[in-house]
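Notes follow once the structure below has been shown.
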Amino acid sequence: EAQVTQNPRYLITVTGKKLTVTCSQNMNHEYMSWYRQDPGLGLRQIYYSMNVEVTDKGDVPEGYKVSRKEKRNFPLILESPSPNQTSLYFCASNDWGDTQYFGPGTRLTVL
Amino acid sequence: GQSLEQPSEVTAVEGAIVQINCTYQTSGFYGLSWYQQHDGGAPTFLSYNGLDGLEETGRFSSFLSRSDSYGYLLLQELQMKDSASYFCAVRNSNYQLIWGAGTKLIIKP
């Protein structure tokens, strides 16, 4: 089944404790993105990647890191999480068409 | 800056027709997409317009006017399961998808 998977689905952590949210897609897509979704603000892009070893900042990259060492994986890293990073996070992938496929989401709470 | 404007909430009656508008201002334009998101779920793709005009997919249609920087999503024969949030998104010249804040569609019996 074609899909984007994310882990964990839910995470509660404390300020300053490094964490990684994994994302993997099995559709051989070149393009992958990370978004955060906050009430009333829609989806805001954090980082995106057009290919292996190529990543670019989106609209809200501060406090986040990504890597793209393999085509299928695109982990999101929070080196020192803060409470303002409490949000719902989505990973997405697409080929060069216009349909983005989203993972199920990761609800992160930073205390 | 880049922005997409859409109404925050629309209410309609089951069986009726509803239109959700989207106006955009972006650096470059490579198409307008619409996504549906149910509470607690992930966004799912509904439709895409790259050129002016109407695209129809079953009960859903989407329209684009590039000269007006405007598009809309039309939902016909509304069903209770259509209650969700609907997002418009534009792909800009950097191949980024820029998103509207979403329209919550409330359907009453």
Side-chain angles (χ1 to χ4, degrees), chain A residues 1-10 21 23-25 27 29-51 54-61 66 68 87-108, chain B residues 1-9 20 22-51 55 57 60 62 64 66 71 73 84-105:
Chain A
E1 180 191 353
Q3 60 182 350
V4 179
T5 56
Q6 294 178 229
N7 282 291
R9 295 288 314 280
Y10 303 90
V21 184
C23 173
S24 183
Q25 51 94 5
M27 294 169 278
H29 286 164
E30 304 276 351
Y31 191 97
M32 296 185 75
S33 304
W34 274 103
Y35 295 92
R36 62 177 287 172
Q37 185 174 32
D38 302 289
L41 296 177
L43 286 153
R44 293 182 293 168
Q45 191 176 51
I46 302 170
Y47 269 95
Y48 63 101
S49 169
M50 290 195 180
N51 211 331
V54 179
T55 62
D56 275 301
K57 295 178 180 178
D59 298 316
V60 288
V66 293
R68 188 93 182 273
S87 188
L88 178 59
Y89 291 87
F90 287 104
C91 179
S93 74
N94 60 276
D95 56 19
W96 297 107
D98 282 273
T99 304
Q100 280 215 324
Y101 298 87
F102 284 81
T106 295
R107 190 166 292 280
L108 172 66
Chain B
Q2 304 184 92
S3 64
L4 279 77
E5 299 289 330
Q6 55 180 127
S8 59
E9 189 176 290
I20 299 173
C22 175
T23 57
Y24 60 87
Q25 182 179 2
T26 57
S27 56
F29 176 84
Y30 287 106
L32 175 68
S33 300
W34 289 92
Y35 286 76
Q36 178 190 61
Q37 185 181 29
H38 286 99
D39 282 346
T44 56
F45 174 80
L46 285 177
S47 70
Y48 168 77
N49 293 74
L51 300 174
E55 294 285 340
T57 310
F60 294 2
S62 58
L64 173 66
R66 287 175 294 171
L73 179 70
S85 291
Y86 293 83
F87 294 88
C88 57
V90 166
R91 194 169 294 286
N92 68 8
S93 54
N94 291 332
Y95 205 71
Q96 282 180 281
L97 259 186
I98 309 299
W99 294 77
T103 299
K104 183 171 185 177
L105 175 59

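Lettering follows sequence order; numbering is per chain, from 1. These values consider heavy atoms only, across backbone and side chains, with no hydrogens, waters or symmetry-generated copies.
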- Task: Let me know if Gln45(A) has heavy atoms under 4.5 Å from chain B in its side chain, its backbone, both or neither.
- Result: side chain

- Task: Please report the shortest heavy-atom distance between Leu97(B) and Tyr35(A), naming the atom on each side.
- Result: CB-OH, 3.7 Å

- Answer with side chain, backbone, both or neither: which region of Ser33(B) has an atom nearer than 4.5 Å to a non-hydrogen atom of chain A? side chain

- Note on the structure: Between Gly40(A) and Ala101(B), the two heavy atoms sitting closest are O-CB, 3.6 Å

- Message: Using a 6.0 Å cut-off, check whether atom OH of Tyr30(B) has over 12 heavy atoms from anything other than its own residue.
- Response: no

- Message: Please classify the contact between Leu46(B) and chain A as side chain, backbone, both or neither, with a heavy-atom cut-off of under 4.5 Å.
- Response: neither

- Query: Closest approach of Lys57(A) and Gln96(B), non-hydrogen atoms and distance?
  - Reply: O-NE2, 4.3 Å

- Give a yes or no on whether Arg107(A) atom CZ has more than 12 heavy-atom contacts from other residues, nucleotides or ligands under 6.0 Å away. no

- chain B heavy atoms under 4.5 Å from Asp38(A): which part of the residue, side chain, backbone, both or neither? neither

- Checking heavy atoms, do the side chain of Leu43(A), its backbone, both or neither come under 4.5 Å from chain B? both

- Message: Looking at every non-hydrogen atom in both residues, tell me the closest pair between Ala42(B) and Pro104(A) and how far apart they are.
- Response: CB-CA, 4.4 Å

- Check against side-chain contact (heavy atoms from CB on, under 4.5 Å), Phe87(B) and Gln37(A): CA-CA 12 Å; Phe87(B) 294 88; Gln37(A) 185 174 32; 3.4 Å; yes

- Evaluate the side-chain proximity of Tyr35(B) to Gln100(A): yes if any heavy-atom separation is below 4.5 Å, no if none is. yes

- Let me know if Tyr101(A) has heavy atoms under 4.5 Å from chain B in its side chain, its backbone, both or neither. neither

